[in-house]
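Each ligand, and each atom within it, is numbered from 1 in the order the structure gives. Just so you know, residue 1 is the first one in the sequence shown, and it goes up from there. Keep in mind that the numbers below use all heavy atoms, side chains included, and drop hydrogens, waters and symmetry copies.
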Amino acid sequence: MLSKKIESALNEQVALEHESSQHYLAMASWAAINGYQGVSNFLYLQSDEERMHMLKLFHYINDRGGHALVPSGVKTPTSFKDVNQVFELVLKHEVKVSTSINLLVDACLKEKDYSTHNFLQWYVAEQIEEENTAREILDKLKLIGNDKGGMYLFDRDLSARQPGDRDNKGK
Ligand code: FEO
């Protein structure tokens with residue numbers, strides 16, 4: 001059985017994963033209408049992954065006797081300066097998510113909720129991966145600079161990402 005404190009913290013994490021999903025969906029849409037089909041593909045899939053992260057928490061809360069709550073609407077930006085800005089925002093957001101997961105893990109230890117602590121280890125590992133992916137993409141964009149050919153290839157690489165494909169991130 002979840003304590004009220006942990007239940008509420010998990011529901012806050014549900015809202016944050018939902019926010020991630022909606023933000024990446026807005027970015028995917030912007031990329032699609034600006035000619036970056038690969039970037040768009042990558043972000044649509046990332047948005048789906050974030051929804052999966054949200055649902056995993058959702059089921060866990062209900063399975064442990066809590067009540068998972070549907071987050072309210074998220075206001076997302078509709079336009080971005082360039083692809084660089086998009087991925088800078090992705091990294092910033094992922095760092096925020098990691099901080100939130102770490103606080104949640106800490107709260108579980110304080111409450112002696114070892115089951116939730118164990119459940120959250122998947123998210124701890126996932127955040128390392130997600131921050132790393134965003135950093136690698138930003139490094140690549142730095143190398144590309146204003147090279148239009150490089151940007152074309154970068155976008156083409158990101159179009160190769162498939163659903164559930166954790167190894168194909170445009171490397
Ligand atoms: Fe589910 Fe990217 O944090």
Counterpart residues, salt bridge (charged side-chain N to carboxylate O under 4.0 Å, His left out), relative to R64 (two or more places apart)
D113
Take R161 and E49, measure what salt bridge (Lys or Arg N to Asp or Glu O under 4.0 Å) needs, and give me the verdict at the end.
CA-CA 12 Å; R161 183 178 178 181; E49 270 208 19; 3.0 Å; yes
Listed partners of Y60 passing ring pair (Phe, Tyr, Trp, His ring centres under 6.0 Å), at least two apart:
F119
Can a donor-acceptor pair be found between the side chains of E50 and S21 at a distance below 3.5 Å?
no
Across all chains, not counting sequence neighbours, the ring pair (Phe, Tyr, Trp, His ring centres under 6.0 Å) partners of Y44 are none
In the protein, N/O/S atoms that are found under 2.8 Å from atom 2 (Fe) of ligand 1, waters not counted:
E50 OE2, E94 OE1, E94 OE2, E130 OE1
Distance-only side-chain donor-acceptor flag, S3 / E111, under 3.5 Å:
yes
